[in-house]
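Below is one structure, written out as structure tokens; the observations come after it.
Remember, it's 1-based here, ligands and their atoms both numbered in the order they're listed.
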Amino acid sequence: MAGLIDQIEPLKQAALADLQAAPDLAALEQAKGNWIGTHGKFTALMKQLGTLSKEEKPAAGKAINAAKIELETALAGRRSELELIASLPKEPTDFTLPGRRRTLGKLHPLTQVTEDIVRSFRKIGFVVADGPEVEDEYHCFDALNTPADHPARDTQDTFYLAAGADGTTRHATRNTLLLRTHTSSVQIRVMKLQPPPVRIIVPGRVYRRDNADATHNPTFHQIEGLYVDKGVTVGDLKGTVEFVFKELMGSDVKIRFRPHYFSYTEPSYEIDFTNTLVKKMGKDWLEIAGCGMVHPQVFENVGYDPEVWTGWAFGFGIERIAMLRYGINDIRLFYENDVRFLKQF
Ligand code: DAH
């Protein structure tokens with residue numbers, strides 16, 4: 001038998017060849033066992049170290065250790081090669097196949113209608129303004145010339161917050177917080193912030209203590225409009241409303257103004273609307289908005305001189321318009337988030 005030290009190199013070469021040749025991970029494990037496992041051939045060689053003389057041992061031990069490290073490195077290298085091969089797809093990829101379409105979300109119908117209304121007003125020089133949904137009585141009522149005995153100020157009609165802005169309770173403060181009942185409060189906020197002229201629209205959510213039914217919901221959406229300049233007339237108001245409704249609902253739209261009362265406008269009107277769809281519903285007219293010429297007291301309240309400035313304002317419900325536009329007969333559908341409903345818009 002050749003000296004132990006002379007057997008190391010040929011055995012190592014054979015082991016290396018065997019590891020490299022392993023075609024898959026199972027075969028590699030097998031080869032590992034055959035050479036460096038407990039009963040492996042290379043392990044057997046190591047076990048013989050003990051039989052060597054004191055003079056031979058150091059050189060042989062060193063050579064065996066070096067060879068062992070080489071084998072372990074080769075084993076790890078081959079293992080990662082085979083793991084990579086195993087992770088590749090078995091079938092070749094066909095890059096000419098059509099892709100899988102991602103289902104795209106859509107804008108809510110109320111958002112679509114709001115954006116259309118905003119787009120129409122932008123064409124004629126209006127900009128969007130915003131205000132808080134948690135409002136105070138001053139901006140929601142007092143500054144809008146709305147008297148203390150107005151029904152909107154009743155707790156039966158409006159959501160009051162238990163504590164005022166300063167932490168005091170409803171009866172201890174004169175400026176109680178509430179959920180805004182209309183977007184008209186933003187008129188006051190904008191006019192207090194900037195001098196005239198003003199040309200704004202205000203889309204936003206409003207709150208009322210209504211029970212939900214087919215035509216009512218405790219929260220809904222409005223769009224407010226305010227135009228202040230010198231020499232503004234009811235004619236401007238009518239022309240603007242007609243322009244926007246024709247853009248939104250088609251050219252067969254007709255508009256009618258009926259005298260009404262709002263405390264922040266004088267004169268005040270309700271706007272009725274009709275088109276072929278309204279006729280199909282068996283009605284002649286549908287009430288769609290409130291409007292009027294800004295009351296001089298409102299101008300006084302925000303520091304505009306009513307002798308110099310004139311203006312008009314209007315407010316209408318967005319749900320109403322969306323229901324008309326799409327033929328929806330129950331307002332609650334907008335808030336249920338049933339995809340079968342939402343998918344249709
Ligand atoms: N704020 C009224 C409402 O919620 C709508 C309205 C009427 C707004 C007349 C106005 C207006 O700006 O001038 O019913």
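In the vicinity of Thr265, heavy-atom distances shorter than 4.0 Å reach the ligand 1 atoms 13 (O). Near Gly292, the atoms of ligand 1 lying under 4.0 angstrom from a non-hydrogen atom of the residue are 13 (O). The contact set between ligand 1 and Ser184, taken as ligand atoms under 4.0 Å from a residue heavy atom, comprises 1 (N), 8 (C). For ligand 1, the atoms closer than 4.0 angstrom to any heavy atom of Phe262 are 7 (C), 9 (C). Within the listing of ligand 1, atoms 12 (O) sit less than 4.0 angstrom from a heavy atom of Gln187.
Heavy atoms of Tyr264 approach ligand 1 to within less than 4.0 angstrom.
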Could you go through Glu319 and Tyr335, starting from their C-alpha distance and side-chain angles, then the distance that decides it, and tell me whether this counts as side-chain hydrogen bond (donor to acceptor under 3.5 Å, both in side chains)?
CA-CA 11 Å; Glu319 279 81 349; Tyr335 317 112; 2.7 Å; yes

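Between Asp338 and Arg340 there is a salt bridge, since a side-chain N of the basic residue sits under 4.0 Å from a carboxylate O of the acidic one. A salt bridge does not link Lys230 to Asp305: none of the charged side-chain nitrogens sits closer than 4.0 Å to a carboxylate oxygen. Using a 4.0 Å cut-off between charged side-chain N and carboxylate O, Asp142 and Arg153 make a salt bridge.
Ligand 1 has no nitrogen or oxygen under 3.5 angstrom from a nitrogen or oxygen of Gly225.
Residue contacts with ligand 1 for Cys291 involve N, CA, C or O but no side-chain atom from C-beta outward (heavy atoms, distance under 4.0 Å).
With sequence neighbours excluded, the residues that form a salt bridge (charged side-chain N to carboxylate O under 4.0 Å, His left out) with Lys68 are Glu72. Glu56 meets the salt bridge (charged side-chain N to carboxylate O under 4.0 Å, His left out) test with no other residue; sequence neighbours excluded.
For atom 14 (O) of ligand 1, the nearest non-hydrogen atom from the set Glu270, Arg208, His182, Glu224 belongs to Arg208.
Side-chain heavy atoms closer than 4.5 Å link hydrophobic residues (I, L, V, M, F, W, Y) into clusters, and following such links, possibly through other members, connects Phe245 to Val234.
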